[in-house]
Colleague: 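I have a structure here, written as structure tokens, and I will follow up with some questions on it.
Excluded from the calculations below are hydrogen atoms, water molecules and symmetry mates; all remaining heavy atoms, backbone and side chain alike, are included.
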Amino acid sequence: MQRRLRQVCTAVKEHSVVNYAKIATIGGFSNVDNLIVRATHPNDMPLQEKHVHQLLKLFSISGHSSIRAFSLSFTRRFGRTHCWRVALKCLILLHRLLRSVPHNSPFRSELLWIRTNGLISLYPCRFSDDSSISSPDYYTLFVRSYAHLIDEALNCSDFELEEDKKQSFIDEEEEEMGLAEKMKEMGRKLEILPQLQSLIDRVMECRPNGSAARSFVVKSAMKYIIRDSFFCYDTFRKEIVVVLDNLFRMPYSSCTAAFGIYKKASQQFEELGEFYDRCKELGFCGYYEYPLIERIPFLQIQALESFLNGMWQFTDDSSSYGSSPLPETEVSEI
């Protein structure tokens with residue numbers, strides 16, 4: 001009885017907010033608040049792209065004032081609702097906007113500011129659903145997992161990595177400078193790769209179960225989540241290859257960090273393949289969109305581990321910390 005009462009109160013509250021926004025819009029009072037409310041209507045229809053375009057247009061015209069108004073309005077809308085449809089559409093709207101602005105956009109900086117000042121909490125997310133008749137836990141769990149993914153995406157570095165610059169070295173000194181730059185680049189990649197792995201973990205946590213897996217709104221959210229994971233996987237796969245190609249030039253500490261990342265990837269790729277198989281069964285995205293997951297052979301992990309053990313003995317004896325690369329014959333064997 002108590003749950004039924006909460007469900008009715010939530011439905012009345014959400015529909016009242018939406019009706020007010022519609023009336024205000026007809027009366028010519030179309031502001032950021034009303035745009036967000038109309039975009040997050042508590043129905044089973046997916047988020048309309050026109051709302052995303054309207055907000056992006058508003059940001060480009062009004063600048064920081066509209067971005068601040070959006071962040072505060074979004075905080076109120078997402079923080080106060082107990083309807084999973086509204087909460088999920090809020091996250092989809094935020095996800096779509098983040099994908100549509102540059103990494104260094106004031107919009108992203110504003111979101112980081114309101115999170116730092118405690119105005120919004122995406123992780124831990126305190127949302128709890130009171131709107132569904134049965135199995136509210138399925139919707140609550142999915143919304144919280146999705147919020148965690150977006151929160152972690154805000155923390156990540158820009159993955160638009162610069163292309164390698166072709167350089168020709170005339171003498172030994174210039175060659176050493178080039179190697180130093182290369183190692184600096186490898187260090188940056190070793191910072192980015194764990195972030196990508198963590199994002200992939202958060203994506204796999206967004207696994208809808210029960211009635212949530214059949215919801216049209218959840219399916220639309222999963223399409224955005226999964227397609228972003230394709231980019232994470234593809235970027236990781238390319239960058240780890242570059243790191244492994246330079247493994248024998250790197251210091252021992254960097255080698256162990258790279259090996260830890262690669263070893264985790266061998267297990268993570270197995271889990272990601274299983275996750276994609278389940279998503280295909282549930283009809284999230286088309287079969288042709290999914291990348292072919294390249295499994296990492298266990299023998300390759302063992303070979304790298306044996307190399308690092310030998311490298312540890314070498315550095316322990318000579319204190320060179322891997323500054324001297326192995327002969328080409330040993331490299332080709334691994």
Colleague: Suppose we call two aromatic rings close when their centres sit under 6.0 Å apart. Are Phe275 and Phe269 close by that rule?
Modeller: no

Colleague: Any idea which heavy atoms bring Ala147 and Leu91 closest together, and the distance?
Modeller: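 Heavy atoms only, the tightest pair is N-CD1, 3.8 Å.
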
Colleague: Closest approach of Ile226 and Cys279, non-hydrogen atoms and distance?
Modeller: CD1-SG, 3.6 Å

Colleague: Please identify each residue that fulfils salt bridge (charged side-chain N to carboxylate O under 4.0 Å, His left out) with Arg126, with sequence neighbours left out.
Modeller: none

Colleague: Quick one: side-chain hydrogen bond (donor to acceptor under 3.5 Å, both in side chains) partners of Lys50, sequence neighbours excluded?
Modeller: none

Colleague: Could you give all pairs that pass the side chain to side chain donor-acceptor pair (under 3.5 Å) test and reach residues 214-226, with sequence neighbours left out?
Modeller: Glu49-Tyr224

Colleague: With Arg108 as the cation and Trp113 as the aromatic partner, state whether NZ or CZ is under 6.0 Å from the six-membered ring centre and within 45° of the axis.
Modeller: no

Colleague: Mind telling me whether Phe78 and Phe127 have parallel, tilted or perpendicular rings, with 30° and 60° as the class edges?
Modeller: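 Judged by the thresholds at 30° and 60°, the geometry between Phe127 and Phe78 is parallel.
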
Colleague: Check whether the side chains of Asp129 and Thr140 place a donor and an acceptor atom closer than 3.5 Å, and report yes or no.
Modeller: no

Colleague: Going by salt bridge (Lys or Arg N to Asp or Glu O under 4.0 Å), Asp151 matches just one of Arg115, Arg144, Arg202. Which one?
Modeller: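 Going through the options one by one, the only one that passes is Arg115.
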
Colleague: Any side-chain heavy-atom pair from Pro194 and Ile261 closer than 4.5 angstrom?
Modeller: yes

Colleague: Check the side chains of Arg76 and Ser73 for a donor-acceptor pair under 3.5 angstrom, ignoring hydrogens and angles.
Modeller: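 Ser73 vs Arg76: donor-acceptor pair found between side chains.
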
Colleague: Run the side-chain contact (heavy atoms from CB on, under 4.5 Å) test against Ile114 and tell me which residues pass, sequence neighbours left out.
Modeller: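 Ile114 satisfies side-chain contact (heavy atoms from CB on, under 4.5 Å) with Ser71, Thr75, Glu110, Leu111, Leu119, Ile120 once adjacent residues are dropped.
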
Colleague: Using the salt bridge (Lys or Arg N to Asp or Glu O under 4.0 Å) rule, collect all pairs that involve residues 255-269, keeping only residues at least two apart or in two chains.
Modeller: Asp201-Lys264

Colleague: Just how far is it from atom OG1 of Thr256 to atom CG of Leu304, taken to the nearest 0.5 Å?
Modeller: 12.5 Å

Colleague: Any luck finding a side-chain donor-acceptor pair between Lys189 and Asn246 under 3.5 Å?
Modeller: no

Colleague: Could you state the interatomic distance from CD (Glu239) to CG (Asp234), rounded to the nearest 0.5 Å?
Modeller: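 Answer rounded to 0.5 Å: 10.0 Å.
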
Colleague: By side-chain contact (heavy atoms from CB on, under 4.5 Å), which residues pair with Ala39, not counting sequence neighbours?
Modeller: Leu47, His51, Leu93

Colleague: For Arg207, check side-chain hydrogen bond (donor to acceptor under 3.5 Å, both in side chains) against everything at least two apart and list the hits.
Modeller: none

Colleague: Among all residues two or more places apart in sequence or in another chain, which pass the side-chain contact (heavy atoms from CB on, under 4.5 Å) test with Ala213?
Modeller: Pro208, Leu282

Colleague: Write out all pairs satisfying salt bridge (Lys or Arg N to Asp or Glu O under 4.0 Å) with one or both partners inside residues 276-290, taking only residues at least two apart or from two chains.
Modeller: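 Those involving residues 276-290 are Arg227-Glu289.
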
Colleague: In terms of relative ring orientation, are Phe142 and Tyr146 parallel, tilted or perpendicular, with 30° and 60° separating the classes?
Modeller: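 Tilted: the ring planes of Phe142 and Tyr146 meet at 30° to 60°.
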
Colleague: Report yes or no: do Arg77 and Thr40 form a side-chain donor-acceptor pair below 3.5 Å?
Modeller: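 On atom types as modelled, these side chains qualify, holding a pair under 3.5 Å.
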
Colleague: Please name all residues satisfying side-chain hydrogen bond (donor to acceptor under 3.5 Å, both in side chains) with Glu271, sequence neighbours left out, ordered by chain then number.
Modeller: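 Residues passing side-chain hydrogen bond (donor to acceptor under 3.5 Å, both in side chains) with Glu271: Gln267.
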
Colleague: Could you check whether Phe259 and Phe307 have their ring centres less than 6.0 Å apart?
Modeller: no

Colleague: Which one of Leu193, Asp245, Leu190, Thr235 satisfies the side chain to side chain contact (heavy atoms under 4.5 Å, CB included) criterion with Ile240?
Modeller: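 The single option meeting the side chain to side chain contact (heavy atoms under 4.5 Å, CB included) with Ile240 is Leu193.
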
Colleague: Suppose we screen for side-chain hydrogen bond (donor to acceptor under 3.5 Å, both in side chains). Which residues come up paired with Ser211, at least two apart in sequence or across chains?
Modeller: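 Checked Ser211 against side-chain hydrogen bond (donor to acceptor under 3.5 Å, both in side chains); matches are Tyr139.
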
Colleague: To check you understand the geometry: which heavy-atom pair defines the closest contact between Phe70 and Leu94, and what is its length?
Modeller: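 Minimum heavy-atom contact is CE2-CD1, 4.3 Å.
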
Colleague: By side-chain contact (heavy atoms from CB on, under 4.5 Å), which residues pair with Ile200, not counting sequence neighbours?
Modeller: Met204, Cys232, Gln268, Leu272

Colleague: Aromatic rings His148 and Tyr123: how do their planes relate, parallel, tilted or perpendicular, breaks at 30° and 60°?
Modeller: parallel

